[in-house]
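Here is the naming used below: chain letters follow the sequence lines, and residue numbers restart at 1 for every chain. All of these numbers come straight from a predicted model, not from anything done at the bench.
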Amino acid sequence: MTRPLRRAHFCIWLILTLLLPALLVAGLLARKSTTPANPNLHSENLK
Amino acid sequence: MSLQYSAVFWNPQKKTYDLAIAGGVVLYLGAFVGIGSAVHPNATAETLLIRGFGTLAFLLLHVILAIGPLCRLNRRFLPLLYNRRHLGVTMFLCALVHGGFSLFQFHALGDASPLVSLFVSNARYSSIAQFPFQSLGFFALLFLYVMAATSHDFWLKNMTAPVWKRIHMFVYAAYALLVGHVTLGALQSETSPVLPVLMGAGLAALVILHVASGAKERRVDQARAQAAAEGYVEVCDVHNIPEECAKVVTAGDERIAVFKYDGKISAVSNVCAHQGGPLGEGRVIDGCITCPWHGYQYLPESGQSPPPFKELIPTYRARVVGNKVLVHPSPLSPGTPVEPARIAS
(Lines give C-alpha, C1' and ligand atoms only; values in the text may rest on other atoms or scores of the structure.)
Protein backbone atom coordinates (compact mmCIF):
# COMPACT_ATOMS: atom_id res chain seq x y z
CA MET A 1 0.00 0.00 0.00
CA THR A 2 2.86 2.40 0.73
CA ARG A 3 4.95 1.31 -2.25
CA PRO A 4 3.87 4.19 -4.59
CA LEU A 5 4.65 6.64 -1.80
CA ARG A 6 8.10 5.15 -1.22
CA ARG A 7 8.75 5.17 -4.96
CA ALA A 8 7.81 8.86 -5.10
CA HIS A 9 10.19 9.56 -2.19
CA PHE A 10 12.95 7.67 -3.96
CA CYS A 11 12.46 9.68 -7.20
CA ILE A 12 12.30 12.98 -5.31
CA TRP A 13 15.52 12.27 -3.41
CA LEU A 14 17.25 11.12 -6.57
CA ILE A 15 16.46 14.47 -8.18
CA LEU A 16 17.40 16.43 -5.05
CA THR A 17 20.69 14.51 -4.71
CA LEU A 18 21.66 15.59 -8.22
CA LEU A 19 20.18 19.08 -8.19
CA LEU A 20 20.99 20.57 -4.79
CA PRO A 21 24.76 19.87 -4.59
CA ALA A 22 25.08 21.28 -8.13
CA LEU A 23 23.16 24.39 -7.05
CA LEU A 24 25.30 24.77 -3.93
CA VAL A 25 28.58 24.42 -5.84
CA ALA A 26 27.41 26.79 -8.59
CA GLY A 27 26.35 29.33 -5.97
CA LEU A 28 29.69 29.11 -4.16
CA LEU A 29 31.69 29.40 -7.38
CA ALA A 30 29.72 32.47 -8.44
CA ARG A 31 30.43 34.33 -5.21
CA LYS A 32 31.95 37.79 -5.56
CA SER A 33 33.17 40.16 -2.91
CA THR A 34 30.38 42.65 -2.23
CA THR A 35 32.87 45.25 -0.97
CA PRO A 36 35.50 46.23 -3.53
CA ALA A 37 39.03 46.51 -2.17
CA ASN A 38 40.06 50.08 -1.28
CA PRO A 39 43.86 50.47 -1.50
CA ASN A 40 43.65 53.83 0.28
CA LEU A 41 42.69 52.13 3.50
CA HIS A 42 45.54 51.06 5.75
CA SER A 43 43.75 47.84 6.74
CA GLU A 44 43.36 46.80 3.08
CA ASN A 45 47.14 46.96 2.61
CA LEU A 46 47.62 44.49 5.43
CA LYS A 47 45.50 41.82 3.72
CA MET B 1 -21.47 13.45 4.40
CA SER B 2 -19.65 15.90 6.60
CA LEU B 3 -16.69 15.92 8.92
CA GLN B 4 -16.79 17.31 12.39
CA TYR B 5 -13.91 19.32 13.78
CA SER B 6 -12.37 17.74 16.89
CA ALA B 7 -10.22 19.84 19.16
CA VAL B 8 -6.65 18.74 19.87
CA PHE B 9 -6.35 16.68 23.04
CA TRP B 10 -3.31 17.74 25.01
CA ASN B 11 -1.95 14.61 26.61
CA PRO B 12 1.24 14.74 28.75
CA GLN B 13 3.43 13.54 25.88
CA LYS B 14 2.19 16.33 23.61
CA LYS B 15 2.76 18.90 26.33
CA THR B 16 6.32 17.65 26.90
CA TYR B 17 7.00 17.64 23.15
CA ASP B 18 5.72 21.19 22.72
CA LEU B 19 7.53 22.46 25.81
CA ALA B 20 10.77 21.01 24.42
CA ILE B 21 10.13 22.75 21.08
CA ALA B 22 9.30 26.09 22.75
CA GLY B 23 12.32 25.82 25.06
CA GLY B 24 14.60 24.99 22.13
CA VAL B 25 13.30 27.96 20.10
CA VAL B 26 13.78 30.42 22.98
CA LEU B 27 17.25 29.05 23.78
CA TYR B 28 18.38 29.17 20.15
CA LEU B 29 17.13 32.71 19.56
CA GLY B 30 18.59 33.91 22.86
CA ALA B 31 21.96 32.37 22.05
CA PHE B 32 21.90 33.65 18.45
CA VAL B 33 21.04 37.24 19.38
CA GLY B 34 23.39 37.23 22.39
CA ILE B 35 26.41 35.83 20.57
CA GLY B 36 25.54 37.75 17.37
CA SER B 37 25.46 41.11 19.15
CA ALA B 38 28.78 40.30 20.90
CA VAL B 39 30.54 39.25 17.68
CA HIS B 40 28.90 41.94 15.48
CA PRO B 41 28.29 44.91 17.80
CA ASN B 42 27.15 47.08 14.85
CA ALA B 43 24.39 44.68 13.80
CA THR B 44 20.87 45.98 14.49
CA ALA B 45 18.33 44.01 16.50
CA GLU B 46 16.18 43.61 13.33
CA THR B 47 19.07 42.10 11.41
CA LEU B 48 19.89 39.69 14.23
CA LEU B 49 16.25 38.64 14.51
CA ILE B 50 15.91 38.17 10.74
CA ARG B 51 19.01 35.95 10.73
CA GLY B 52 18.08 34.19 13.97
CA PHE B 53 14.58 33.22 12.83
CA GLY B 54 15.82 32.36 9.33
CA THR B 55 18.60 30.03 10.50
CA LEU B 56 16.28 28.49 13.11
CA ALA B 57 13.59 27.75 10.50
CA PHE B 58 16.18 26.18 8.18
CA LEU B 59 17.66 24.13 11.02
CA LEU B 60 14.19 22.91 12.07
CA LEU B 61 13.44 21.95 8.47
CA HIS B 62 16.57 19.76 8.48
CA VAL B 63 15.42 18.11 11.73
CA ILE B 64 11.92 17.54 10.30
CA LEU B 65 13.30 15.99 7.11
CA ALA B 66 15.67 13.77 9.11
CA ILE B 67 13.01 12.34 11.46
CA GLY B 68 11.32 10.08 8.88
CA PRO B 69 14.43 8.21 7.70
CA LEU B 70 15.87 8.06 11.23
CA CYS B 71 12.70 6.28 12.41
CA ARG B 72 12.88 3.82 9.53
CA LEU B 73 16.51 3.08 10.39
CA ASN B 74 15.99 2.83 14.15
CA ARG B 75 12.74 2.66 16.16
CA ARG B 76 14.35 4.54 19.05
CA PHE B 77 13.72 7.77 17.13
CA LEU B 78 9.96 7.17 17.00
CA PRO B 79 9.18 9.60 19.87
CA LEU B 80 10.46 12.36 17.58
CA LEU B 81 7.94 11.36 14.92
CA TYR B 82 5.12 11.80 17.40
CA ASN B 83 3.66 15.27 16.74
CA ARG B 84 6.20 16.07 14.04
CA ARG B 85 3.47 18.34 12.70
CA HIS B 86 3.91 20.63 15.72
CA LEU B 87 7.56 20.96 14.75
CA GLY B 88 6.47 21.76 11.19
CA VAL B 89 4.08 24.50 12.29
CA THR B 90 6.79 25.97 14.56
CA MET B 91 9.20 25.96 11.64
CA PHE B 92 6.62 27.75 9.46
CA LEU B 93 6.04 30.41 12.13
CA CYS B 94 9.81 31.03 12.42
CA ALA B 95 10.06 31.27 8.63
CA LEU B 96 7.07 33.64 8.59
CA VAL B 97 8.73 35.95 11.14
CA HIS B 98 11.95 35.85 9.09
CA GLY B 99 10.04 36.62 5.88
CA GLY B 100 7.86 39.30 7.47
CA PHE B 101 10.79 41.15 9.04
CA SER B 102 12.78 40.91 5.79
CA LEU B 103 9.88 42.21 3.72
CA PHE B 104 9.45 45.14 6.10
CA GLN B 105 13.17 45.93 6.38
CA PHE B 106 14.06 45.66 2.68
CA HIS B 107 10.85 46.43 0.77
CA ALA B 108 8.40 48.42 2.90
CA LEU B 109 9.97 51.86 2.69
CA GLY B 110 9.66 52.49 -1.07
CA ASP B 111 6.82 53.61 -3.35
CA ALA B 112 5.83 50.13 -4.47
CA SER B 113 3.90 47.63 -2.43
CA PRO B 114 6.34 45.41 -0.48
CA LEU B 115 5.18 42.27 -2.31
CA VAL B 116 5.51 43.97 -5.71
CA SER B 117 8.90 45.34 -4.70
CA LEU B 118 10.00 41.82 -3.73
CA PHE B 119 9.60 40.67 -7.31
CA VAL B 120 10.51 43.79 -9.34
CA SER B 121 13.31 45.46 -7.37
CA ASN B 122 15.78 42.88 -8.60
CA ALA B 123 15.04 41.17 -11.91
CA ARG B 124 18.45 39.62 -12.56
CA TYR B 125 17.01 36.11 -12.94
CA SER B 126 19.78 35.12 -15.37
CA SER B 127 22.57 35.88 -12.87
CA ILE B 128 23.70 33.37 -10.27
CA ALA B 129 25.59 35.80 -8.01
CA GLN B 130 22.84 38.44 -8.10
CA PHE B 131 19.80 36.19 -8.43
CA PRO B 132 16.67 37.58 -6.69
CA PHE B 133 16.88 34.93 -4.00
CA GLN B 134 14.09 36.45 -1.91
CA SER B 135 11.51 35.24 -4.44
CA LEU B 136 12.66 31.65 -3.79
CA GLY B 137 12.09 32.18 -0.07
CA PHE B 138 8.64 33.63 -0.79
CA PHE B 139 7.51 30.54 -2.73
CA ALA B 140 9.01 28.22 -0.10
CA LEU B 141 7.04 30.13 2.56
CA LEU B 142 3.89 29.71 0.46
CA PHE B 143 4.36 25.91 0.38
CA LEU B 144 5.09 25.86 4.11
CA TYR B 145 1.95 27.91 4.76
CA VAL B 146 -0.26 25.45 2.88
CA MET B 147 1.26 22.54 4.83
CA ALA B 148 0.98 24.29 8.20
CA ALA B 149 -2.62 25.37 7.50
CA THR B 150 -3.65 21.81 6.59
CA SER B 151 -1.66 20.06 9.30
CA HIS B 152 -4.65 19.40 11.61
CA ASP B 153 -6.29 15.96 11.60
CA PHE B 154 -9.49 17.61 10.37
CA TRP B 155 -7.82 18.24 7.01
CA LEU B 156 -6.22 14.81 6.97
CA LYS B 157 -9.68 13.20 7.31
CA ASN B 158 -11.39 15.70 5.04
CA MET B 159 -8.91 15.44 2.18
CA THR B 160 -8.16 11.70 2.70
CA ALA B 161 -4.65 10.46 3.50
CA PRO B 162 -3.35 10.08 -0.09
CA VAL B 163 -4.29 13.66 -1.08
CA TRP B 164 -3.02 15.05 2.24
CA LYS B 165 0.26 13.19 1.87
CA ARG B 166 0.71 14.45 -1.69
CA ILE B 167 0.23 18.04 -0.53
CA HIS B 168 2.67 17.54 2.33
CA MET B 169 5.31 16.12 0.02
CA PHE B 170 5.72 19.71 -1.15
CA VAL B 171 8.06 19.99 1.83
CA TYR B 172 10.77 18.69 -0.50
CA ALA B 173 10.03 21.46 -3.01
CA ALA B 174 10.18 23.96 -0.12
CA TYR B 175 13.53 22.50 0.97
CA ALA B 176 14.96 22.76 -2.57
CA LEU B 177 13.75 26.37 -2.83
CA LEU B 178 15.30 27.19 0.55
CA VAL B 179 18.64 25.67 -0.41
CA GLY B 180 18.51 28.00 -3.43
CA HIS B 181 17.37 30.91 -1.24
CA VAL B 182 20.31 30.50 1.17
CA THR B 183 22.93 29.62 -1.48
CA LEU B 184 22.05 32.54 -3.74
CA GLY B 185 21.35 34.87 -0.83
CA ALA B 186 23.21 34.62 2.47
CA LEU B 187 26.13 32.60 1.07
CA GLN B 188 26.87 35.22 -1.60
CA SER B 189 27.89 37.83 0.95
CA GLU B 190 29.26 35.43 3.56
CA THR B 191 33.05 35.27 3.58
CA SER B 192 33.39 32.80 6.46
CA PRO B 193 33.52 29.12 5.42
CA VAL B 194 31.34 28.09 8.39
CA LEU B 195 27.95 28.66 6.73
CA PRO B 196 28.79 26.90 3.42
CA VAL B 197 30.28 23.95 5.35
CA LEU B 198 27.20 23.68 7.61
CA MET B 199 24.93 23.95 4.59
CA GLY B 200 26.82 21.21 2.72
CA ALA B 201 26.90 18.99 5.82
CA GLY B 202 23.14 19.39 6.33
CA LEU B 203 22.42 18.53 2.72
CA ALA B 204 24.81 15.56 2.77
CA ALA B 205 23.31 14.25 6.03
CA LEU B 206 19.77 14.39 4.63
CA VAL B 207 20.75 12.72 1.36
CA ILE B 208 22.65 9.93 3.18
CA LEU B 209 19.80 9.33 5.65
CA HIS B 210 17.14 9.14 2.95
CA VAL B 211 19.24 6.94 0.68
CA ALA B 212 20.17 4.60 3.57
CA SER B 213 16.58 4.26 4.79
CA GLY B 214 15.36 3.77 1.21
CA ALA B 215 17.94 1.01 0.70
CA LYS B 216 16.85 -0.66 3.95
CA GLU B 217 13.17 -0.58 2.91
CA ARG B 218 14.13 -2.03 -0.46
CA ARG B 219 15.99 -4.93 1.21
CA VAL B 220 12.96 -5.58 3.43
CA ASP B 221 10.63 -5.54 0.40
CA GLN B 222 12.84 -8.04 -1.43
CA ALA B 223 13.08 -10.34 1.61
CA ARG B 224 9.28 -10.21 2.07
CA ALA B 225 8.67 -11.00 -1.58
CA GLN B 226 11.10 -13.92 -1.41
CA ALA B 227 9.49 -15.26 1.80
CA ALA B 228 6.02 -14.96 0.26
CA ALA B 229 7.22 -16.89 -2.79
CA GLU B 230 8.44 -19.64 -0.44
CA GLY B 231 4.99 -19.84 1.18
CA TYR B 232 5.56 -17.76 4.35
CA VAL B 233 2.69 -15.58 5.54
CA GLU B 234 2.95 -12.33 7.49
CA VAL B 235 1.32 -12.83 10.89
CA CYS B 236 2.13 -9.83 13.10
CA ASP B 237 4.54 -7.07 14.03
CA VAL B 238 7.50 -8.06 16.26
CA HIS B 239 6.57 -5.31 18.70
CA ASN B 240 3.03 -6.67 19.11
CA ILE B 241 4.39 -9.72 20.95
CA PRO B 242 5.12 -9.11 24.64
CA GLU B 243 8.57 -10.21 25.86
CA GLU B 244 8.65 -13.88 27.04
CA CYS B 245 5.07 -14.28 25.79
CA ALA B 246 3.31 -15.26 22.59
CA LYS B 247 0.81 -14.01 20.06
CA VAL B 248 -1.61 -16.63 18.81
CA VAL B 249 -2.13 -16.42 15.05
CA THR B 250 -4.07 -18.49 12.56
CA ALA B 251 -2.17 -19.61 9.49
CA GLY B 252 -3.65 -22.25 7.24
CA ASP B 253 -6.19 -24.04 9.42
CA GLU B 254 -4.10 -24.16 12.58
CA ARG B 255 -3.54 -21.87 15.52
CA ILE B 256 0.13 -21.12 15.99
CA ALA B 257 1.77 -19.62 19.09
CA VAL B 258 4.53 -17.20 18.10
CA PHE B 259 6.85 -16.64 21.08
CA LYS B 260 9.33 -13.80 21.60
CA TYR B 261 12.23 -14.42 24.00
CA ASP B 262 15.90 -13.38 24.30
CA GLY B 263 15.77 -11.41 21.02
CA LYS B 264 14.43 -14.43 19.14
CA ILE B 265 11.15 -15.62 17.64
CA SER B 266 9.96 -19.24 17.59
CA ALA B 267 6.63 -20.63 16.40
CA VAL B 268 5.02 -23.79 17.76
CA SER B 269 1.59 -25.38 17.77
CA ASN B 270 -0.81 -23.64 20.15
CA VAL B 271 -1.97 -27.03 21.50
CA CYS B 272 -0.24 -28.61 24.51
CA ALA B 273 0.49 -32.34 24.09
CA HIS B 274 -0.78 -33.02 27.60
CA GLN B 275 -4.47 -31.98 27.58
CA GLY B 276 -4.67 -29.57 24.64
CA GLY B 277 -4.06 -26.46 26.75
CA PRO B 278 -3.53 -23.08 24.98
CA LEU B 279 0.28 -22.76 24.94
CA GLY B 280 0.08 -19.26 23.46
CA GLU B 281 -1.50 -18.06 26.71
CA GLY B 282 1.51 -19.33 28.64
CA ARG B 283 4.92 -17.76 29.17
CA VAL B 284 8.57 -18.61 28.59
CA ILE B 285 9.87 -19.62 32.01
CA ASP B 286 13.50 -20.73 32.49
CA GLY B 287 13.87 -20.89 28.70
CA CYS B 288 10.83 -23.17 28.26
CA ILE B 289 7.32 -22.49 26.94
CA THR B 290 5.11 -23.27 29.93
CA CYS B 291 1.49 -24.35 29.47
CA PRO B 292 -0.89 -22.20 31.58
CA TRP B 293 -3.04 -25.22 32.49
CA HIS B 294 -0.71 -27.75 34.10
CA GLY B 295 2.78 -26.31 33.65
CA TYR B 296 3.97 -28.73 30.95
CA GLN B 297 7.09 -27.29 29.34
CA TYR B 298 8.61 -27.27 25.83
CA LEU B 299 11.81 -25.85 24.36
CA PRO B 300 10.69 -23.10 21.93
CA GLU B 301 13.27 -23.98 19.27
CA SER B 302 12.38 -27.68 19.08
CA GLY B 303 8.94 -28.26 20.62
CA GLN B 304 10.49 -30.97 22.82
CA SER B 305 9.92 -31.21 26.57
CA PRO B 306 13.22 -30.94 28.42
CA PRO B 307 14.63 -34.33 29.58
CA PRO B 308 13.57 -36.58 31.18
CA PHE B 309 10.11 -35.72 29.74
CA LYS B 310 9.15 -36.96 26.29
CA GLU B 311 6.24 -34.74 25.12
CA LEU B 312 6.56 -33.25 21.64
CA ILE B 313 4.59 -30.56 19.79
CA PRO B 314 4.77 -29.48 16.11
CA THR B 315 7.06 -26.58 15.28
CA TYR B 316 6.82 -23.99 12.49
CA ARG B 317 9.46 -22.15 10.48
CA ALA B 318 9.51 -18.42 11.28
CA ARG B 319 11.31 -15.39 9.88
CA VAL B 320 11.62 -11.77 10.89
CA VAL B 321 11.75 -9.32 7.99
CA GLY B 322 12.04 -5.70 9.05
CA ASN B 323 9.53 -5.47 11.91
CA LYS B 324 7.25 -8.21 10.62
CA VAL B 325 7.04 -11.83 11.71
CA LEU B 326 6.42 -14.35 8.95
CA VAL B 327 5.47 -17.98 9.57
CA HIS B 328 5.32 -20.92 7.18
CA PRO B 329 1.84 -22.41 7.68
CA SER B 330 2.96 -26.04 7.13
CA PRO B 331 3.68 -27.69 10.52
CA LEU B 332 6.86 -29.71 10.94
CA SER B 333 6.79 -33.10 12.65
CA PRO B 334 6.43 -32.81 16.46
CA GLY B 335 9.79 -32.14 18.07
CA THR B 336 11.56 -30.99 14.88
CA PRO B 337 14.28 -28.43 15.81
CA VAL B 338 13.97 -25.08 13.97
CA GLU B 339 16.51 -22.27 14.08
CA PRO B 340 14.76 -19.32 15.85
CA ALA B 341 14.40 -16.10 13.86
CA ARG B 342 16.61 -13.31 15.20
CA ILE B 343 15.13 -9.90 15.90
CA ALA B 344 17.30 -7.12 14.50
CA SER B 345 18.06 -4.51 17.17
Side-chain angles (χ1 to χ4, degrees), chain A, chain B residues 65 68-69 72 124 126-131 133 136 161-162 164-166 168-191 193 195-204 206-218 220-221 224-225:
Chain A
M1 197 171 73
T2 59
R3 184 166 283 188
L5 194 62
R6 281 185 278 140
R7 187 157 184 80
H9 270 98
F10 174 76
C11 293
I12 288 169
W13 276 99
L14 192 68
I15 293 166
L16 291 182
T17 303
L18 299 172
L19 178 76
L20 297 186
L23 177 64
L24 184 61
V25 170
L28 291 176
L29 290 177
R31 284 200 297 183
K32 290 175 189 158
S33 173
T34 51
T35 316
N38 184 351
N40 296 325
L41 283 175
H42 176 64
S43 59
E44 292 286 345
N45 294 324
L46 297 176
K47 282 185 180 173
Chain B
L65 290 177
R72 285 193 290 277
R124 298 186 199 95
S126 56
S127 163
I128 294 179
Q130 293 173 312
F131 191 88
F133 65 95
L136 300 178
W164 189 88
K165 193 69 192 170
R166 258 183 226 128
H168 284 247
M169 281 174 80
F170 273 95
V171 69
Y172 299 121
Y175 177 62
L177 286 168
L178 288 176
V179 169
H181 175 70
V182 177
T183 303
L184 304 176
L187 291 195
Q188 294 304 310
S189 55
E190 184 64 49
T191 51
L195 200 53
V197 168
L198 283 177
M199 177 99 176
L203 177 57
L206 286 182
V207 166
I208 289 168
L209 279 174
H210 279 267
V211 169
S213 68
K216 185 186 175 189
E217 296 285 319
R218 192 178 165 81
V220 168
D221 280 349
R224 267 189 207 159

*Can you tell if the side chain of A:R6 reaches within under 4.5 Å of the side chain of B:D221, non-hydrogen atoms only?*
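A:R6 vs B:D221: side chains touch.
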Q.
When you compare the side chain of A:L24 with that of B:L187, does any pair of heavy atoms fall below 4.5 Å?
A.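 The answer is yes, as the side chains (C-beta and beyond) meet within the 4.5 Å cut-off.
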**Asked** Above 12 or not: heavy atoms from other molecules or residues under 6.0 Å from CD1 of B:I128?
**Response**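 It does not: B:I128 CD1 has 12 such atoms or fewer within range.
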When rounded to the nearest 0.5 angstrom, what is the spacing between [atom1] in [X] and [atom2] in [Y]?
X: A:F10; Y: B:E217; atom1: CZ; atom2: CD; result: 13.0 Å
X: B:L203; Y: A:L20; atom1: CG; atom2: CG; result: 5.5 Å
X: A:R31; Y: B:T183; atom1: CZ; atom2: OG1; result: 10.0 Å
X: A:L14; Y: B:H210; atom1: CG; atom2: NE2; result: 13.5 Å

Determine the minimum heavy-atom distance between [X] and [Y], stating which atoms define it.
X: A:A8; Y: B:M169; value: CB-CE, 3.7 Å
X: B:L184; Y: A:G27; value: CD2-CA, 4.3 Å
X: B:A129; Y: A:A30; value: CB-O, 3.2 Å

- [ ] Output all residues satisfying side-chain contact (heavy atoms from CB on, under 4.5 Å) with B:V211, sequence neighbours left out; order by chain, then residue number.
- [x]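 For B:V211, the residues satisfying side-chain contact (heavy atoms from CB on, under 4.5 Å) (neighbours in sequence not counted) are B:V207.
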Q. Can you tell which of B:G200, B:A176, B:G214, B:A204 has the highest number of heavy-atom pairs within less than 4.5 Å of chain A?
A.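 The candidate making the most pairs under 4.5 Å is B:A176.
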Identify, with sequence neighbours excluded, every residue that meets ring-ring contact (aromatic ring centres under 6.0 Å, His included) alongside B:Y172.
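Residues passing ring-ring contact (aromatic ring centres under 6.0 Å, His included) with B:Y172: A:H9, A:W13.
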